[in-house]
Peer 1: 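Shown below is the structure under consideration.
Residues: numbered from 1 along the sequence shown. Atoms within each ligand, like the ligands themselves, are counted from 1 in listed order.
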Amino acid sequence: MNTILLRKDYGSCLPHEHLFVTLRRQSAFSIERADITSLTKHIKRMKKITIAIDGFSSCGKSTMAKDLAREIGYIYIDSGAMYRAVALYAIEQGIFQGDQIDTARLEQEMKRVCISFHLNPETGRPDTYLNGVNVEDKIRTLEVSARVSPIAALGFVRQAMVRQQQEMGKAKGIVMDGRDIGTTVFPDAELKVFVTASPEIRAQRRYDELRAKGDNSVRLEDILENVRQRDYIDQHREVSPLRKADDALLLDNSHLTIAEQKAWLLKQYHKATNQEA
Ligand code: DC
């Protein structure tokens, strides 16, 4: 019998990943070639959609967006990573003078900022590249975290990022997470989710995460204060403030387990693609 063995792991964004996903759902890792042909035809007919996941900081958006994209074989884009990459560029090029940003210079240099994502075969997830250099770790440092908010508030930075994000989503089959994806980047997305959790719960999660990494100097009340501050900045900035799109589904994950959240999200995806389980 002519059988083809399929690898169990997947994680890139290629169309054939749909095949792995569908097969995984059927719990079949070995199938006949004829089945593959008909399955491929079926998959081609499956409607690809755009999924926008927005919400407050530290509520697990990226993890859920990444997991969903992997499960359904979609491209995953972390739009926050793009703003972080611009902040890193500004730091490295001396565009910050203390807390002040030389906005005229940054605006002039924006055309030199090239951000891309490439699949990391080890993690199965996309890494962020700035002008051809892998900056995935650098953009997660405290220094970048502390400087990214004012960069993300600049209109010309947002315009450039939104343009790139819309380009990335042209072919659909994309899950993008951020703050303005359902409202500004993809206002026509077929599935929009707005994620939230109480500030206390988000602060506790962040605290546990940092403690697990060995940081014993953190204080829960400081983190809670930081969460509240970031919520305020995100919701009150002039350009594209964080808000739930009218047609977004609200997901308060304060009391949900990761598994419950994942099941809920998959159900919404199946509804949006008319494949209700
Ligand atoms: O999600 P994050 O913490 O990596 O986001 C980094 C910063 O970018 C944060 O200040 C919020 C901002 N951001 C934004 O303004 N719009 C987005 N679509 C994504 C992130």
Side-chain angles (χ1 to χ4, degrees), residues 50-69 75-91 96 99 101 103 106 110 113 115 117 125-130 135-169 174-187 189 192-197 199 202-203 205-206 209-210 223 225-245 248 251 253:
T50 302
I51 303 175
I53 301 190
D54 289 303
F56 289 96
S57 64
S58 304
C59 60
K61 292 187 303 291
S62 298
T63 308
M64 70 186 269
K66 247 179 252 175
D67 285 354
L68 175 69
I75 291 172
Y76 164 67
I77 299 291
D78 171 359
S79 67
M82 299 174 70
Y83 291 98
R84 285 171 178 270
V86 178
L88 178 66
Y89 177 88
I91 293 168
F96 274 99
D99 281 347
I101 305 166
T103 46
L106 183 60
M110 273 312 286
V113 180
I115 300 163
F117 294 93
R125 289 174 175 169
D127 280 351
T128 313
Y129 282 67
L130 171 63
V135 292
E136 187 57 34
D137 290 336
K138 275 190 171 175
I139 59 167
R140 311 285 168 196
T141 57
L142 273 180
E143 188 183 12
V144 172
S145 299
R147 291 184 178 261
V148 62
S149 280
I151 292 282
L154 295 170
F156 64 85
V157 171
R158 299 204 72 83
Q159 265 177 20
M161 294 302 104
V162 169
R163 225 182 2 251
Q164 286 189 33
Q165 289 154 5
Q166 288 173 335
E167 195 59 36
M168 290 170 180
I174 191 168
V175 182
M176 193 177 287
D177 80 318
R179 307 290 193 283
D180 61 341
I181 311 306
T183 51
T184 306
V185 182
F186 300 128
K192 296 182 189 177
V193 178
F194 189 88
V195 197
T196 186
R202 285 184 282 139
R205 287 177 187 160
R206 184 93 191 99
E209 226 174 72
L210 290 167
I223 297 181
E225 180 54 29
N226 179 262
V227 164
R228 290 205 165 110
Q229 263 175 16
R230 294 213 294 176
D231 286 358
Y232 185 87
I233 294 173
D234 280 347
Q235 289 175 294
H236 292 88
R237 73 168 170 236
E238 219 165 281
V239 199
S240 293
L242 171 67
R243 70 170 181 82
K244 178 185 163 300
L251 172 65
N253 66 14

Peer 1: Would you say Arg158 and ligand 1 have an N/O pair spaced under 3.5 Å apart?
Peer 2: yes
Peer 1: Under 4.0 Å from ligand 1, counting heavy atoms only, is it the side chain of Met82, its backbone, both or neither?
Peer 2: neither
Peer 1: Do you know the tightest heavy-atom contact between Arg243 and Thr183?
Peer 2: O-CG2, 3.6 Å
Peer 1: Can you tell me which residue and heavy atom of the protein come closest to atom 10 (O) of ligand 1, and the distance to 0.1 Å?
Peer 2: Ser149 OG, 3.3 Å
Peer 1: Check for a donor-acceptor pair, side chain of Arg158 on one end and backbone N or O of Ala152 on the other, with a separation under 3.5 Å.
Peer 2: yes
Peer 1: Output the list of atoms in ligand 1 that are nearer than 4.0 Å to some heavy atom of Val148, sorted by atom number.
Peer 2: 7 (C), 10 (O)
Peer 1: Under a 4.0 Å N-O cut-off, is there an ion pair linking Asp78 with Arg84?
Peer 2: no
Peer 1: State plainly whether the residues Glu209 and Arg206 are in salt-bridge range, i.e. N to O under 4.0 Å.
Peer 2: yes
Peer 1: Is Asp177 in polar range of ligand 1, meaning some N or O pair under 3.5 Å apart?
Peer 2: no
Peer 1: Would you call Arg163 and Glu167 a salt bridge, using N to O less than 4.0 angstrom?
Peer 2: no
Peer 1: Using the rule side-chain contact (heavy atoms from CB on, under 4.5 Å), only one of Val157, Thr103, Ile101 pairs with Pro150; which is it?
Peer 2: Ile101
Peer 1: Which heavy atom of the protein is the closest neighbour of atom 20 (C) of ligand 1, given with residue, atom name and distance?
Peer 2: Gly80 CA, 3.5 Å
Peer 1: Which ligand 1 atoms are under 4.0 Å away from a heavy-atom of Ala152?
Peer 2: 8 (O), 12 (C), 15 (O)
Peer 1: Do NZ/NE/NH1/NH2 and the carboxylate oxygens of Asp177 and Lys61 come within less than 4.0 Å?
Peer 2: no
Peer 1: Ignoring hydrogens and geometry, is there a side-chain-to-backbone donor-acceptor pair from Asp54 to Gly182 under 3.5 Å?
Peer 2: yes
Peer 1: Going by distance only, is there an N or O of Ser79 that falls short of 3.5 Å from an N or O of ligand 1?
Peer 2: yes
Peer 1: Counting only heavy atoms closer than 4.0 Å, does ligand 1 sit against the backbone of Arg84, its side chain, both, or neither?
Peer 2: side chain
Peer 1: If I apply the N/O under 3.5 Å rule, does Arg179 come out as touching ligand 1?
Peer 2: yes
Peer 1: Treating Arg202 as the side-chain partner and Ala197 as the backbone partner, does any N or O pair qualify as donor plus acceptor under 3.5 Å?
Peer 2: yes
Peer 1: Heavy-atom distances under 4.0 Å are what count here, so tell me which part of Gln165 touches ligand 1: side chain, backbone, both or neither.
Peer 2: neither
Peer 1: Could you tell me the residue and atom name of the protein heavy atom closest to atom 8 (O) of ligand 1, and the distance to it rounded to 0.1 Å?
Peer 2: Tyr83 CB, 3.7 Å
Peer 1: Mark up the atoms of ligand 1 that fall under 4.0 Å of a heavy atom belonging to Asp180, in ascending order.
Peer 2: 16 (N), 17 (C), 18 (N)
